[in-house]
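Here's the structure, in structure tokens; my notes come after.
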Amino acid sequence: MISATTLFSSVTLLKKVTLQKGELRLEFSQSYDKKQIRHFTLRKPYREVFDIKNTRLAGKYVGKNLKSNHCRSLRVSQYKRNIVRVVIETDRSYVCTPYKPLFSWKSYHIPLPKFTLNPTARSSRYVSRKSVKTRKITKKHKKNKPYLIAPTKSYHKNELIVIDAGHGGKDTGAIGGGKREKDLVLQIAKKVAKEIKKRGYSVYLTRSTNRFLKLSQRTRIADKKGSVAFISIHANSVPKKHRLTAHGVETFYLQNTRDAKSQRIAARENAAVLKGAGSRLSKKVIIDSVLNGPKIVQSNKLAIDVQRRIITNLRCSYKGVRDGGVRHAPFYVLVGASRPSILVEVGYISNPRERKRLFTQKYQKLIAKGIAEGVDSYLNNRKKEIDIE
């Protein structure tokens with residue numbers, strides 16, 4: 001009896017599944033690690049699938065009768081004895097960036113698509129051969145492509161994104177295998193700017209050449225330009241003895257931390273960015289502004305979206321890409337901007353394998369595309385939150 005009780009108590013219960021603010025919100029009986037949720041995509045018909053391990057439904061009515069005009073169907077079921085499966089079926093693909101709310105250990109939120117489905121249209125799994133033939137015939141005519149209508153270039157023209165390429169000039173940043181961080185991040189920053197412009201946003205680069213910027217110059221640009229987000233791009237590095245084991249992408253937002261690894265990374269970046277900052281810069285003032293800033297929650301959401309899209313894009317073409325996750329640390333470069341601000345460590349320049357990838361056009365473009373997609377997803381979700389509020 002004791003062993004049976006212990007076994008049952010180790011399984012998390014999915015207590016409630018609700019639709020709120022364009023999201024599917026899952027509530028668990030206890031703190032739940034999002035790493036135990038396997039997220040993948042199926043096609044024909046298009047489905048976003050989530051397998052939640054070591055979990056059981058709290059009751060037979062949990063997740064039943066969920067309906068949304070943004071989805072073909074929403075299904076929650078006990079897929080296996082200790083695995084709950086959530087399936088979101090839609091007509092077409094969309095950027096799905098689930099996240100765990102900052103101050104809630106028992107919740108998991110899955111955004112639904114923003115487009116609205118035609119309730120009279122049939123699901124793609126029931127399309128007949130005749131309709132497929134018709135589709136092939138009409139494919140040549142652009143007028144018969146209702147889902148390819150993109151927003152005009154002016155759709156986001158009033159939303160400015162500031163991209164900060166770390167280091168520069170006399171500050172080389174980290175060096176690995178003769179390669180310099182300042183060169184790498186500038187290459188990526190320029191590609192990010194192009195990707196974001198494609199989506200209709202205005203973009204400003206804190207530096208477009210090999211020049212050194214003081215801390216005050218970097219952090220105040222976002223506010224002076226009236227930006228909606230500030231993104232600082234860097235590359236990580238570790239001592240030689242750890243160079244083969246440390247690798248992966250990490251995204252940080254501004255907040256104090258006790259995590260040793262985050263403190264080490266922040267200390268290295270801060271040492272470089274403080275060059276020329278002046279004697280008035282006080283660590284206490286900086287930390288106070290970090291902890292009292294209202295932007296922390298929004299910065300966390302932006303970091304989640306960007307990190308997920310970068311990892312998704314890289315893993316489509318490369319094996320062994322490590323997801324370092326979203327972390328928080330007191331990066332001085334993020335302090336001055338009162339807008340949502342994040343720092344992306346695109347990889348470890350000290351790791352030979354990752355360094356080789358980082359200096360290829362393909363790898364850089366995938367990172368840039370991921371950052372742009374993450375920013376776009378965050379801002380669209382933010383607009384939805386404001387409209388609902």
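All values derive from a computational prediction rather than experimental measurement.
With contacts defined as side-chain heavy-atom distances shorter than 4.5 Å, the pair Thr312/Glu373 does not qualify. Between Val86 and Val17 the shortest side-chain heavy-atom distance does not fall below 4.5 Å. The shortest side-chain heavy-atom distance between Leu74 and Ser68 falls under the 4.5 Å cut-off. Between Asn236 and Ser350, every side-chain heavy-atom pair lies at or beyond the 4.5 Å cut-off. Residues Asp164 and Ile231 fail the side-chain proximity criterion, which asks for heavy atoms closer than 4.5 Å.
Cation-pi geometry between Lys362 and Tyr318 is satisfied (NZ or CZ under 6.0 Å from the ring centre, within 45° of the ring normal).
For Ala229 against Leu302, the heavy-atom pair with the smallest separation is CB-CD2, 4.1 Å. Residues Gln78 and Arg56 share a closest heavy-atom pair of OE1-CA, 3.2 Å. Across all non-hydrogen atoms, the minimal contact from Asp305 to Gly374 is CB-O, 3.4 Å. Pairing each heavy atom of Thr55 with each of Val84, the nearest pair is O-CG2, 3.6 Å. What you find for Ile233 and Ala189 is that their closest heavy atoms are CD1-CA, 3.8 Å. Between Arg85 and Asp51, the shortest heavy-atom distance links the atoms NE-OD1, 2.7 Å.
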| message | The test is side-chain contact (heavy atoms from CB on, under 4.5 Å); show your working for Tyr201 and Glu159 and say whether it passes. | response | CA-CA 6 Å; Tyr201 297 95; Glu159 295 173 295; 3.5 Å; yes
| request: Please assess Tyr108 against Lys34 for the test side-chain contact (heavy atoms from CB on, under 4.5 Å), listing each intermediate value before the final yes or no. | output: CA-CA 8 Å; Tyr108 188 69; Lys34 65 178 181 181; 4.1 Å; yes
| request: Evaluate the side-chain contact (heavy atoms from CB on, under 4.5 Å) criterion for residues Arg308 and Cys96: first the C-alpha distance (whole Å), next the side-chain angles of each, then the deciding distance (0.1 Å), finally the verdict. | output: CA-CA 9 Å; Arg308 180 171 292 280; Cys96 184; over 6 Å; no
| task | Check the pair Val249, Ile367 against side-chain contact (heavy atoms from CB on, under 4.5 Å), reporting the backbone distance first and the verdict last. | result | CA-CA 10 Å; Val249 181; Ile367 291 173; 5.7 Å; no
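In the model, His109 has no side-chain atom that pairs as donor or acceptor with a side-chain atom of Ser107 under 3.5 Å. No side-chain N or O of Asn300 forms a donor-acceptor pair with one of Tyr99 less than 3.5 Å apart. Asn54 and Gln36 form no side-chain donor-acceptor contact under 3.5 Å, judged by distance and modelled atom types alone.
One distance of note links OG1 of Thr18 with CZ of Arg25; it measures 7.0 Å at 0.5 Å rounding. How far NZ of Lys16 is from CD of Glu27: 6.5 Å, rounded to the nearest 0.5 Å. Here CG of Asp323 is found 9.0 Å from CD of Glu250. Values are rounded to the nearest 0.5 Å. Between the CD atom in Gln364 and the CG atom in Leu366 there is a gap of 10.5 Å [rounded to 0.5 Å]. For the atom pair OG1 (Thr172) and NE2 (His167), the distance works out to 8.0 Å, reported to the nearest 0.5 Å. Taken from CG in Asn313 to NZ in Lys365, the straight-line distance is 13.5 Å, to the nearest 0.5 Å.
Between the side chain of Ser299 and the backbone N or O of Ser341, at least one donor-acceptor pair lies under 3.5 Å. Formation of a donor-acceptor pair under 3.5 Å by the Glu181 side chain with backbone atoms of His234 is not found in this model. Although no hydrogens or angles enter the test, the distance criterion places no donor-acceptor pair under 3.5 Å between the side chain of His247 and the main chain of Tyr348. A donor-acceptor pair under 3.5 Å links the side-chain atoms of Asn351 to the main chain of Arg243, judged by distance alone. The main-chain N or O of Gly370 is never found under 3.5 Å from a side-chain atom of Arg309 such that the two would form a donor-acceptor pair.
Taking 4.0 Å as the cut-off between side-chain N and carboxylate O, Glu195 and Lys191 do not count as a salt-bridged pair. Salt bridge Lys21/Glu23: absent, no basic N to carboxylate O contact under 4.0 Å.
Glu89 pairs with exactly one of Arg75, Arg47, Arg72 by the salt bridge (Lys or Arg N to Asp or Glu O under 4.0 Å) rule, that one being Arg75. Tested against Ile163 for a side-chain contact (heavy atoms from CB on, under 4.5 Å), the candidates Val203, Val185, Ile188 yield a single pass: Val203. Partner of Val228 under the side-chain contact (heavy atoms from CB on, under 4.5 Å) criterion, out of Val162, Leu379, Val375: Leu379 alone.
Relative orientation of the His39 and Phe50 rings is parallel, given thresholds of 30° and 60° on the angle between their planes.
Grouping Ile, Leu, Val, Met, Phe, Trp and Tyr by side-chain contacts under 4.5 Å, direct or through others, puts Leu42 with Phe40, Val49, Val87. Alongside Tyr79, the hydrophobic cluster contains Ile83 (criterion: ILVMFWY side chains under 4.5 Å).
With sequence neighbours excluded, the residues satisfying side-chain contact (heavy atoms from CB on, under 4.5 Å) with Leu186 are Ala165, Lys190, Arg207.
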